[in-house]
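This report concerns only the one structure given below.
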Number of protein chains: 2
Amino acid sequence: MNAKDDAQRRVLELLWKDARRPARGPRRGLTMERIVAAAIRIAETEGLAALSMRRVAVELGVGTASLYTYLPGKAELEALMADSIGADDPLPDDWPGDWRAKLEAWARNDHEGYRKHPWVLQLVATVAAPGPNLLRWMDSALRVLEGTGLTEAEKMAVVESVDAYVRGQARLSLDTRELSADEVRERDAALGELVDFRPYPALVATVRAGVSPYAGDQFEFGLRLLLDGVETLIASKRASTS
Amino acid sequence: MNAKDDAQRRVLELLWKDARRPARGPRRGLTMERIVAAAIRIAETEGLAALSMRRVAVELGVGTASLYTYLPGKAELEALMADSIGADDPLPDDWPGDWRAKLEAWARNDHEGYRKHPWVLQLVATVAAPGPNLLRWMDSALRVLEGTGLTEAEKMAVVESVDAYVRGQARLSLDTRELSADEVRERDAALGELVDFRPYPALVATVRAGVSPYAGDQFEFGLRLLLDGVETLIASKRASTS
DNA sequence: CAAAAACTTCGAACACTGTTCGTACAACTC
DNA sequence: GAGTTGTACGAACAGTGTTCGAAGTTTTTG
């Protein structure tokens, strides 16, 4: 599949090479940065569904077709958007404290980031074509675990597991968060009318105890569980080598 | 927002009420089940991007507009698709063994399910409007943790955390899994040409050790960490009450 | 038994989408 | 100044979800 290879390569070049101005031809009116910034602004304020090439062009005051002289297509724009978020956030290893404090801090920070910028979770691909920010982040995240006695493979596994957990929680709570409190009430009222709950006694017992499913307030709890697991692993490693 | 409330209600009615044939009018040529099955078949074989109302109509041999007499729109179709997957899978509490064996089994089963049916992860909403299958699943998952001494809130938190982790891992590995081995090689070759890796020493060290980032092979590792955390919690609960 | 009511079907159209093509224009090199 | 190379972008194409209205089908009513 040569076409796909080429597309792959083009994205990477866009992510890593900064465009040098060619010898001939008129001056370019736009920059990559401005295009990506405009696209993010739209996704942020109007949602990812409202992001279209035409809309971006309007935002920048240019014709739609002009964008295609900067970018091969919308997929590439999204790849650039994905890499550019979190560029201003502190890196994992820059947080204070020991490895656990750092892991906790960046997990919380990322989780908060995904809640504030939910469109990132809706992008189709976010790690397929790694950009500068992803590599910087990954490098820093691995450094957090230096000196813990974990092997390289274990470090990577820990980083990816926490990352997966953070994204997963953010994704789950996104569904519910898009509904207002009133809408949740309305939904539950409708459910009460439509559904016979007798087949779900365990669920009813939990809800009766005041717990609502997928409310998006379970992040800290699961994070502690996961980090407890990491701590156990590190402790056992230390015990066996000393 | 009355419109959104109405939409919400309509989805729930579609999920829970089975359509009764109205008094007058010609017999209906299709059923909800057939429509949803056709849509899933398309998503499965051609990907979610290929799923269009027109494509579904062709698959069923009807006119496109006819679908709208069964469904208000595509969003509702996707909600029905989301709820219908996993209908044939074993329920969490039906797996053999103790709570840990059961948690492990359904986590693995779901993870495998998401890898086989990646389109589920790309649907915009999957838990906002709960259908029969989601509630059955949730009820069974909560039952797994009965007799562990956990509070209702803790049970829900454990279930959601594991669910979040499973989905997060599946989502991360999806990006990489869409690339073939050749494409990954091609990508890494392109990266090697384009990127100066000196700013990322920790990452380089890990990759040199034979570990590749986001390869999608870290699921078991993180699951163990998470369940170790749950086990610690349950043990501490038991110790304090006895 | 015919007429009316209620419902289903679906071709055509509308407003959108991403993307391509061809033309008009601008800035540099020779 | 001529030629080359690249930019800008209006217009068009094929696709999308959805709506409308006319035509057809079944059941109930008068």
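Both backbone and side-chain heavy atoms feed into the values below; hydrogens, waters and symmetry mates do not. Below, chains carry the letters A, B, ... as their sequence lines are ordered, and counting in each starts from 1. On a predicted model such as this, the values are computed, not experimentally measured, just so you know.
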Between C/dG18 atom C1' and A/E76 atom CD, what is the distance in whole Å? 12 Å
Which part of the nucleic acid, if any, lies within reach of B/L51 when heavy atoms closer than 4.0 Å are counted: base, sugar-phosphate only, or nothing? sugar-phosphate
Where the side chain of A/K74 is defined as all heavy atoms beyond and including C-beta, which of D/dG17, D/dA8, C/dG18 is the nearest nucleotide? C/dG18
Under 4.0 Å, counting only non-hydrogen atoms across every strand here, what does B/G25 touch: a base, just sugar-phosphate, or nothing? base
Looking at B/R27, does any N or O in its side chain come under 4.0 Å of the phosphate oxygens OP1/OP2 on D/dT27? yes
Nearest 0.5 Å, please: how far is CG in B/L191 from CZ in B/F197? 5.0 Å
Side-chain N or O of B/Y70 less than 4.0 angstrom from OP1 or OP2 on C/dT9? yes
Take the protein atom OH of A/Y68 and the nucleotide atom P of C/dG22, then report the distance between them rounded to whole Å. 17 Å
Taken to the nearest whole Å, CD1/A/I35 to C1'/C/dG18 is 16 Å
Whichever of B/A75 and A/A65 has its nearest DNA chain D nucleotide further upstream toward 5': A/A65
Determine: side-chain N/O of A/T69 to OP1/OP2 of D/dA8, distance under 4.0 Å, yes or no. yes
If you look at every strand shown and take non-hydrogen atoms under 4.0 Å, does B/S66 touch a base, only sugar-phosphate, or nothing? base
Looking only at side-chain atoms of A/V62, point me to the closest of D/dG17, C/dT8, D/dC9. D/dC9
Protein-nucleotide distance (B/L67, atom CG; C/dT8, atom P), rounded to Å: 13 Å
B/R55 CZ to D/dG17 P: how many Å, rounded? 12 Å
So which one's nearest nucleotide on DNA chain C is more toward 5', B/T64 or A/P72? B/T64
Using a distance-only test with no angle check, is there a side-chain donor-acceptor pair under 3.5 angstrom linking B/R171 and A/T126? no
What is the distance from atom OG of A/S173 to atom CD of A/Q218, rounded to the nearest 0.5 Å? 10.5 Å
In whole angstrom, give the distance that lies between atom CG of B/L71 and atom C1' of C/dT8. 15 Å
Length of the CE-C1' vector between A/M53 and D/dG10, whole Å: 16 Å
Round to the nearest Å and state the distance from A/R24 atom CZ to D/dT5 atom C1'. 6 Å
When rounded to the nearest 0.5 angstrom, what distance separates OG in B/S66 from CG in B/L30? 8.0 Å
I'd like to know if A/K116 pairs up with A/E44 as an ion pair, taking the criterion as any Lys NZ or Arg NE/NH1/NH2 lying under 4.0 Å from an Asp or Glu carboxylate oxygen. no
Taking atom types as they are modelled, is there a donor-acceptor pair under 3.5 Å from the base of D/dG15 to the side chain of B/R54? no
For B/P26 and A/R28, find the nucleotide of DNA chain D closest to each by heavy atoms; which residue's nucleotide sits nearer the 5' end? A/R28
